[in-house]
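Take a look at the structure set out below.
Below, chain A is the first sequence line, B the second, and so on; all start at residue 1.
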2 protein chains.
Amino acid sequence: MISQTAEYALRAIVYLGNQAGEACTTAQLAGEIDAPPSYLAKVMKGLGRAGIVGSRRGLHGGFTLSRDPNDVTLLEVVNAVDAFHRIRNCPLGRLAHQSGLCPLHRRMDDVMAAAEKSLQRTTIGELLEEPGLLCTVPCIAEPVVLESEAAL
Amino acid sequence: MISQTAEYALRAIVYLGNQAGEACTTAQLAGEIDAPPSYLAKVMKGLGRAGIVGSRRGLHGGFTLSRDPNDVTLLEVVNAVDAFHRIRNCPLGRLAHQSGLCPLHRRMDDVMAAAEKSLQRTTIGELLEEPGLLCTVPCIAEPVVLESEAAL
DNA sequence: GCAATTATAGATGTAAAGGTCCGTTTATCC
DNA sequence: GGATAAACGGACCTTTACATCTATAATTGC
(Lines give C-alpha, C1' and ligand atoms only; values in the text may rest on other atoms or scores of the structure.)
Protein backbone atom coordinates (compact mmCIF):
# COMPACT_ATOMS: atom_id res chain seq x y z
CA MET A 1 0.00 0.00 0.00
CA ILE A 2 2.70 2.44 0.98
CA SER A 3 5.69 1.54 -1.14
CA GLN A 4 9.23 2.31 -0.14
CA THR A 5 9.15 5.02 -2.78
CA ALA A 6 6.12 6.65 -1.15
CA GLU A 7 7.87 6.47 2.22
CA TYR A 8 10.83 8.41 0.86
CA ALA A 9 8.53 10.94 -0.74
CA LEU A 10 6.62 11.54 2.49
CA ARG A 11 9.78 11.89 4.54
CA ALA A 12 11.20 14.34 2.05
CA ILE A 13 8.07 16.48 2.00
CA VAL A 14 7.81 16.52 5.78
CA TYR A 15 11.45 17.55 5.99
CA LEU A 16 11.05 20.29 3.40
CA GLY A 17 7.91 21.51 5.14
CA ASN A 18 10.00 22.12 8.21
CA GLN A 19 12.64 24.08 6.34
CA ALA A 20 10.56 27.20 5.84
CA GLY A 21 11.41 27.84 2.22
CA GLU A 22 15.11 27.05 2.47
CA ALA A 23 16.23 25.14 -0.64
CA CYS A 24 17.63 21.72 0.09
CA THR A 25 19.77 19.62 -2.24
CA THR A 26 19.10 15.99 -2.98
CA ALA A 27 22.30 14.97 -1.22
CA GLN A 28 21.38 16.90 1.93
CA LEU A 29 17.85 15.58 1.90
CA ALA A 30 19.02 12.03 1.37
CA GLY A 31 21.25 12.29 4.41
CA GLU A 32 18.52 13.72 6.59
CA ILE A 33 15.77 11.31 5.68
CA ASP A 34 18.02 8.30 5.22
CA ALA A 35 17.26 7.53 1.59
CA PRO A 36 19.62 6.45 -1.20
CA PRO A 37 20.68 9.75 -2.84
CA SER A 38 20.50 8.68 -6.45
CA TYR A 39 17.13 7.05 -5.98
CA LEU A 40 15.79 10.00 -4.07
CA ALA A 41 16.66 12.14 -7.08
CA LYS A 42 14.14 10.13 -9.08
CA VAL A 43 11.51 10.40 -6.40
CA MET A 44 11.95 14.18 -6.23
CA LYS A 45 11.47 14.40 -9.96
CA GLY A 46 8.05 12.83 -9.49
CA LEU A 47 7.15 15.29 -6.75
CA GLY A 48 8.27 18.10 -9.02
CA ARG A 49 6.09 16.94 -11.88
CA ALA A 50 3.15 16.77 -9.51
CA GLY A 51 3.76 20.38 -8.54
CA ILE A 52 4.37 19.60 -4.91
CA VAL A 53 7.97 20.74 -4.88
CA GLY A 54 9.83 23.31 -6.93
CA SER A 55 13.47 23.05 -7.91
CA ARG A 56 16.36 25.31 -8.78
CA ARG A 57 19.53 24.18 -10.47
CA GLY A 58 23.05 25.37 -9.90
CA LEU A 59 24.84 26.62 -6.82
CA HIS A 60 22.52 27.17 -3.85
CA GLY A 61 19.84 25.37 -5.77
CA GLY A 62 17.75 22.47 -4.54
CA PHE A 63 14.18 21.68 -3.71
CA THR A 64 11.53 23.62 -1.82
CA LEU A 65 7.90 22.93 -1.01
CA SER A 66 5.98 24.85 -3.61
CA ARG A 67 2.68 24.88 -1.75
CA ASP A 68 1.28 25.60 1.68
CA PRO A 69 1.90 22.50 3.83
CA ASN A 70 -1.64 22.79 5.16
CA ASP A 71 -2.80 22.30 1.65
CA VAL A 72 -0.84 19.17 0.79
CA THR A 73 -2.38 15.87 1.85
CA LEU A 74 -0.50 12.66 2.47
CA LEU A 75 -2.55 11.08 -0.29
CA GLU A 76 -1.34 13.64 -2.82
CA VAL A 77 2.26 12.87 -1.99
CA VAL A 78 1.69 9.14 -2.25
CA ASN A 79 -0.19 9.48 -5.52
CA ALA A 80 2.53 11.68 -6.97
CA VAL A 81 5.05 8.88 -6.91
CA ASP A 82 3.09 5.68 -6.79
CA ALA A 83 -0.63 5.80 -7.45
CA PHE A 84 -2.93 4.38 -4.84
CA HIS A 85 -4.99 1.49 -6.24
CA ARG A 86 -8.63 0.98 -5.50
CA ILE A 87 -10.62 -2.03 -6.67
CA ARG A 88 -13.01 -0.58 -9.18
CA ASN A 89 -14.00 -3.60 -11.25
CA CYS A 90 -14.20 -7.29 -10.52
CA PRO A 91 -10.59 -8.54 -10.69
CA LEU A 92 -11.86 -11.71 -12.35
CA GLY A 93 -13.68 -9.73 -14.98
CA ARG A 94 -17.05 -11.30 -14.17
CA LEU A 95 -19.82 -9.79 -16.21
CA ALA A 96 -22.21 -10.24 -13.31
CA HIS A 97 -20.09 -7.89 -11.24
CA GLN A 98 -19.65 -5.01 -13.60
CA SER A 99 -21.74 -2.89 -11.32
CA GLY A 100 -21.05 -3.82 -7.73
CA LEU A 101 -18.23 -6.01 -6.50
CA CYS A 102 -18.67 -9.43 -4.92
CA PRO A 103 -18.64 -9.61 -1.10
CA LEU A 104 -14.92 -10.38 -0.97
CA HIS A 105 -13.80 -7.56 -3.21
CA ARG A 106 -16.35 -5.21 -1.69
CA ARG A 107 -14.57 -5.71 1.66
CA MET A 108 -11.16 -5.40 0.14
CA ASP A 109 -12.04 -2.14 -1.52
CA ASP A 110 -13.66 -0.89 1.67
CA VAL A 111 -10.32 -1.36 3.36
CA MET A 112 -8.59 0.50 0.55
CA ALA A 113 -11.18 3.26 0.61
CA ALA A 114 -10.74 3.77 4.33
CA ALA A 115 -6.98 3.95 3.94
CA GLU A 116 -7.29 6.37 1.07
CA LYS A 117 -9.66 8.63 2.96
CA SER A 118 -7.44 8.54 5.99
CA LEU A 119 -4.43 9.63 3.94
CA GLN A 120 -6.51 12.36 2.36
CA ARG A 121 -7.68 13.71 5.68
CA THR A 122 -4.19 14.42 6.95
CA THR A 123 -2.07 17.28 5.65
CA ILE A 124 1.66 17.81 5.93
CA GLY A 125 0.91 20.95 7.91
CA GLU A 126 -0.90 18.97 10.59
CA LEU A 127 2.10 16.72 11.06
CA LEU A 128 4.41 19.69 11.43
CA GLU A 129 2.22 21.20 14.13
CA GLU A 130 2.06 18.07 16.23
CA PRO A 131 4.14 18.04 19.39
CA GLY A 132 6.26 14.94 18.79
CA LEU A 133 9.61 15.22 17.05
CA LEU A 134 9.51 14.42 13.39
CA CYS A 135 11.81 11.55 12.74
CA THR A 136 13.12 13.44 9.76
CA VAL A 137 14.34 16.00 12.25
CA PRO A 138 16.76 14.12 14.46
CA CYS A 139 17.66 16.14 17.54
CA ILE A 140 19.16 13.93 20.20
CA ALA A 141 18.65 11.11 17.78
CA GLU A 142 21.22 8.43 17.11
CA PRO A 143 20.75 5.28 15.06
CA VAL A 144 19.20 2.56 17.15
CA VAL A 145 21.25 -0.49 18.04
CA LEU A 146 18.86 -3.41 17.95
CA GLU A 147 18.90 -5.84 20.85
CA SER A 148 19.72 -8.65 18.49
CA GLU A 149 22.83 -6.79 17.35
CA ALA A 150 23.78 -5.54 20.78
CA ALA A 151 23.80 -9.11 22.05
CA LEU A 152 26.64 -10.06 19.72
CA MET B 1 -0.96 -4.19 1.21
CA ILE B 2 -2.86 -7.03 -0.40
CA SER B 3 -0.40 -8.71 -2.71
CA GLN B 4 -1.42 -10.70 -5.73
CA THR B 5 -0.50 -13.79 -3.75
CA ALA B 6 -2.90 -12.83 -0.96
CA GLU B 7 -5.62 -12.21 -3.56
CA TYR B 8 -5.23 -15.73 -4.90
CA ALA B 9 -5.28 -17.14 -1.38
CA LEU B 10 -8.48 -15.31 -0.47
CA ARG B 11 -10.23 -16.33 -3.67
CA ALA B 12 -9.23 -19.94 -3.12
CA ILE B 13 -10.46 -19.99 0.46
CA VAL B 14 -13.75 -18.35 -0.44
CA TYR B 15 -14.24 -20.88 -3.20
CA LEU B 16 -13.41 -23.82 -0.95
CA GLY B 17 -15.71 -22.43 1.72
CA ASN B 18 -18.53 -22.70 -0.76
CA GLN B 19 -17.76 -26.32 -1.66
CA ALA B 20 -19.05 -27.83 1.56
CA GLY B 21 -16.19 -30.20 2.20
CA GLU B 22 -15.78 -31.38 -1.38
CA ALA B 23 -12.09 -31.77 -2.18
CA CYS B 24 -10.89 -29.59 -5.02
CA THR B 25 -7.70 -30.06 -7.02
CA THR B 26 -5.27 -27.27 -7.72
CA ALA B 27 -6.06 -27.40 -11.42
CA GLN B 28 -9.81 -27.09 -10.80
CA LEU B 29 -9.33 -24.30 -8.28
CA ALA B 30 -7.00 -22.42 -10.59
CA GLY B 31 -9.62 -22.50 -13.32
CA GLU B 32 -12.38 -21.31 -11.05
CA ILE B 33 -10.54 -18.47 -9.40
CA ASP B 34 -8.51 -17.51 -12.43
CA ALA B 35 -5.04 -18.02 -10.99
CA PRO B 36 -1.94 -19.55 -12.61
CA PRO B 37 -2.14 -23.26 -11.67
CA SER B 38 1.50 -23.84 -10.87
CA TYR B 39 1.72 -20.72 -8.78
CA LEU B 40 -1.50 -21.49 -6.99
CA ALA B 41 0.06 -24.80 -5.96
CA LYS B 42 2.62 -22.85 -3.99
CA VAL B 43 0.05 -20.59 -2.44
CA MET B 44 -2.00 -23.60 -1.33
CA LYS B 45 1.06 -25.05 0.30
CA GLY B 46 1.27 -21.94 2.44
CA LEU B 47 -2.38 -22.22 3.41
CA GLY B 48 -1.78 -25.85 4.28
CA ARG B 49 1.14 -25.05 6.55
CA ALA B 50 -0.99 -22.43 8.29
CA GLY B 51 -3.62 -25.09 8.97
CA ILE B 52 -6.32 -23.30 7.02
CA VAL B 53 -6.70 -25.99 4.40
CA GLY B 54 -6.13 -29.72 4.47
CA SER B 55 -4.93 -31.74 1.53
CA ARG B 56 -5.13 -35.28 0.24
CA ARG B 57 -2.89 -36.67 -2.49
CA GLY B 58 -3.76 -39.14 -5.18
CA LEU B 59 -6.93 -39.81 -7.08
CA HIS B 60 -9.93 -37.85 -5.75
CA GLY B 61 -7.55 -35.87 -3.63
CA GLY B 62 -7.27 -32.13 -3.41
CA PHE B 63 -7.81 -29.36 -0.91
CA THR B 64 -10.57 -28.72 1.58
CA LEU B 65 -11.15 -26.03 4.18
CA SER B 66 -10.00 -27.59 7.40
CA ARG B 67 -11.81 -25.17 9.70
CA ASP B 68 -15.22 -23.61 10.15
CA PRO B 69 -15.47 -20.71 7.69
CA ASN B 70 -16.97 -18.59 10.45
CA ASP B 71 -13.76 -19.06 12.32
CA VAL B 72 -11.33 -18.02 9.60
CA THR B 73 -10.67 -14.31 9.26
CA LEU B 74 -9.47 -12.57 6.12
CA LEU B 75 -6.42 -11.47 8.07
CA GLU B 76 -5.46 -15.05 8.84
CA VAL B 77 -5.57 -15.95 5.18
CA VAL B 78 -3.50 -12.93 4.22
CA ASN B 79 -0.97 -13.58 6.96
CA ALA B 80 -0.65 -17.21 5.96
CA VAL B 81 0.85 -16.34 2.62
CA ASP B 82 2.25 -12.85 2.95
CA ALA B 83 2.50 -11.34 6.40
CA PHE B 84 0.82 -8.02 7.02
CA HIS B 85 3.36 -5.37 8.04
CA ARG B 86 2.73 -2.84 10.75
CA ILE B 87 5.14 -0.03 11.60
CA ARG B 88 6.43 -0.96 15.03
CA ASN B 89 9.65 1.00 15.28
CA CYS B 90 10.87 4.21 13.72
CA PRO B 91 11.87 3.26 10.17
CA LEU B 92 14.82 5.62 10.45
CA GLY B 93 15.98 3.96 13.62
CA ARG B 94 15.87 7.17 15.66
CA LEU B 95 16.69 6.57 19.27
CA ALA B 96 14.29 9.33 20.27
CA HIS B 97 11.43 7.35 18.78
CA GLN B 98 12.03 3.94 20.26
CA SER B 99 8.84 4.33 22.25
CA GLY B 100 6.27 6.15 20.20
CA LEU B 101 6.50 6.91 16.52
CA CYS B 102 6.85 10.37 15.01
CA PRO B 103 3.66 12.07 13.76
CA LEU B 104 4.17 10.83 10.19
CA HIS B 105 4.74 7.20 11.04
CA ARG B 106 2.09 7.32 13.74
CA ARG B 107 -0.44 8.18 11.01
CA MET B 108 0.93 5.61 8.64
CA ASP B 109 0.67 2.89 11.23
CA ASP B 110 -2.80 4.05 12.17
CA VAL B 111 -3.81 3.43 8.58
CA MET B 112 -2.24 -0.01 8.70
CA ALA B 113 -3.84 -0.78 12.04
CA ALA B 114 -7.27 0.13 10.75
CA ALA B 115 -6.78 -2.06 7.70
CA GLU B 116 -5.54 -4.93 9.83
CA LYS B 117 -8.44 -4.67 12.21
CA SER B 118 -10.87 -4.50 9.35
CA LEU B 119 -9.47 -7.67 7.83
CA GLN B 120 -9.60 -9.35 11.20
CA ARG B 121 -13.23 -8.43 11.77
CA THR B 122 -14.46 -10.20 8.68
CA THR B 123 -14.65 -13.99 8.42
CA ILE B 124 -14.91 -16.15 5.34
CA GLY B 125 -18.25 -17.34 6.66
CA GLU B 126 -19.69 -13.84 6.60
CA LEU B 127 -18.76 -13.46 2.96
CA LEU B 128 -20.44 -16.74 2.08
CA GLU B 129 -23.65 -15.67 3.76
CA GLU B 130 -23.89 -12.35 1.98
CA PRO B 131 -26.48 -12.09 -0.77
CA GLY B 132 -24.25 -11.05 -3.69
CA LEU B 133 -22.71 -13.66 -5.94
CA LEU B 134 -19.15 -14.50 -5.08
CA CYS B 135 -17.00 -13.75 -8.03
CA THR B 136 -15.31 -17.07 -7.46
CA VAL B 137 -18.67 -18.62 -8.23
CA PRO B 138 -19.46 -17.52 -11.75
CA CYS B 139 -23.07 -18.20 -12.67
CA ILE B 140 -24.11 -16.20 -15.70
CA ALA B 141 -20.62 -14.82 -15.65
CA GLU B 142 -18.55 -14.34 -18.77
CA PRO B 143 -15.24 -12.49 -19.04
CA VAL B 144 -15.86 -8.79 -19.41
CA VAL B 145 -15.05 -7.08 -22.67
CA LEU B 146 -13.78 -3.67 -21.74
CA GLU B 147 -15.17 -0.69 -23.64
CA SER B 148 -11.69 0.18 -24.76
CA GLU B 149 -11.34 -3.27 -26.32
CA ALA B 150 -14.86 -3.40 -27.70
CA ALA B 151 -14.23 -0.19 -29.57
CA LEU B 152 -11.52 -1.80 -31.69
C1' DG C 1 1.95 -54.74 -8.20
C1' DC C 2 0.96 -51.34 -11.89
C1' DA C 3 -0.93 -47.30 -13.87
C1' DA C 4 -3.11 -43.11 -13.12
C1' DT C 5 -3.80 -39.00 -10.27
C1' DT C 6 -2.71 -35.78 -7.15
C1' DA C 7 0.01 -32.86 -3.66
C1' DT C 8 4.94 -31.63 -2.48
C1' DA C 9 9.55 -29.89 -3.10
C1' DG C 10 12.70 -27.29 -5.18
C1' DA C 11 15.21 -25.40 -9.28
C1' DT C 12 14.62 -22.16 -12.65
C1' DG C 13 12.76 -18.22 -15.41
C1' DT C 14 10.43 -13.41 -15.86
C1' DA C 15 8.78 -8.90 -14.71
C1' DA C 16 8.53 -5.04 -11.78
C1' DA C 17 10.27 -2.31 -7.97
C1' DG C 18 14.14 -0.45 -6.05
C1' DG C 19 18.61 1.49 -6.74
C1' DT C 20 23.13 3.16 -9.23
C1' DC C 21 25.69 5.68 -12.67
C1' DC C 22 26.97 9.01 -15.97
C1' DG C 23 26.55 12.54 -19.27
C1' DT C 24 23.88 16.98 -20.04
C1' DT C 25 21.83 21.27 -18.81
C1' DT C 26 21.13 25.26 -15.91
C1' DA C 27 22.64 28.40 -12.57
C1' DT C 28 26.10 30.77 -9.52
C1' DC C 29 30.53 32.67 -8.27
C1' DC C 30 34.85 34.48 -9.33
C1' DG D 1 34.29 33.00 -19.76
C1' DG D 2 35.85 29.23 -16.72
C1' DA D 3 35.02 26.52 -12.62
C1' DT D 4 31.81 24.62 -9.68
C1' DA D 5 27.37 23.08 -7.99
C1' DA D 6 23.26 21.63 -8.57
C1' DA D 7 18.87 19.33 -11.08
C1' DC D 8 17.67 16.51 -15.16
C1' DG D 9 17.41 12.49 -18.28
C1' DG D 10 18.11 8.09 -19.33
C1' DA D 11 20.80 3.73 -19.47
C1' DC D 12 21.95 0.23 -16.58
C1' DC D 13 22.19 -3.05 -12.51
C1' DT D 14 20.01 -5.70 -8.37
C1' DT D 15 16.55 -7.63 -5.64
C1' DT D 16 12.17 -9.35 -4.88
C1' DA D 17 7.56 -10.84 -6.18
C1' DC D 18 5.36 -13.54 -9.42
C1' DA D 19 5.25 -17.57 -12.19
C1' DT D 20 6.80 -22.00 -14.57
C1' DC D 21 8.75 -26.51 -14.84
C1' DT D 22 10.35 -31.02 -13.43
C1' DA D 23 11.01 -34.69 -10.39
C1' DT D 24 9.26 -37.12 -6.30
C1' DA D 25 6.06 -39.04 -2.98
C1' DA D 26 1.46 -40.41 -1.60
C1' DT D 27 -3.02 -42.30 -2.74
C1' DT D 28 -6.49 -44.74 -5.46
C1' DG D 29 -8.48 -48.18 -8.68
C1' DC D 30 -7.65 -52.10 -11.09
For this session: Ignoring hydrogens and angles, answer whether the base of D/dA26 and the side-chain atoms of B/R57 contain a donor-acceptor pair closer than 3.5 Å.
Result: no
Problem set entry | Among C/dG19, D/dA19, C/dA7, the nucleotide that comes nearest once only the side chain of B/Y39 is considered | D/dA19
Exercise. Looking at the side chain of A/H60, which of D/dC8, C/dA7, C/dC29 is the nearest nucleotide?
Worked result: C/dC29
Seminar exercise, completed: With the side chain defined as heavy atoms from C-beta on, A/T25 is closest, among D/dA6, C/dT8, D/dG9, to D/dA6
For this session: Report which part of the nucleic acid A/G62 touches: base, sugar-phosphate, or nothing (heavy-atom distance under 4.0 Å, all strands).
Result: sugar-phosphate
Problem set entry | Residue pair A/E116 / A/H85, side-chain donor-acceptor N/O under 3.5 Å | no
Exercise. Taking atom types as they are modelled, is there a donor-acceptor pair under 3.5 Å from the base of C/dA27 to the side chain of A/R56?
Worked result: no
For this session: Look at the side chain of B/T5 and decide which nucleotide, out of C/dA7, D/dC18, C/dT20, has an atom nearest to it.
Result: D/dC18
Exercise. Between B/A41 and A/P37, who's closer to the 5' end of DNA chain C by nearest nucleotide?
Worked result: B/A41
Problem set entry | Base C/dG19 paired with A/K42 side chain (donor-acceptor, <3.5 Å) | yes
Problem set entry | Shortest side-chain distance from B/Q4, nucleotide among C/dA9, D/dA5, D/dA19 | D/dA19
Problem set entry | B/T26 side-chain N/O to C/dA7 phosphate OP1/OP2 under 4.0 Å | yes
Exercise. Under 4.0 Å: is that the gap between some side-chain N or O of B/S55 and OP1 or OP2 of C/dT8?
Worked result: yes
Problem set entry | D/dA17 phosphate, OP1 or OP2, under 4.0 Å from B/S3 side-chain N/O | no
Problem set entry | Side-chain donor-acceptor pair present, A/D82, A/S3, cut-off under 3.5 Å | yes
Problem set entry | A/S66 side-chain N/O to A/G51 backbone N/O, donor-acceptor pair under 3.5 Å | yes
Problem set entry | Interatomic distance where CZ belongs to A/R49 and C1' belongs to D/dG10 [whole Å] | 12 Å
For this session: Specify the residue among B/C24 and A/G58 whose closest nucleotide of DNA chain C lies further upstream toward the 5′ end.
Result: B/C24
Problem set entry | Test applied, side-chain contact (heavy atoms from CB on, under 4.5 Å); reference residue, B/R67; option that passes from B/V53, B/V72, B/I13, B/I124 | B/V72
Problem set entry | Short side-chain N/O contact from B/Y8 to OP1 or OP2 of D/dA19, under 4.0 Å | yes
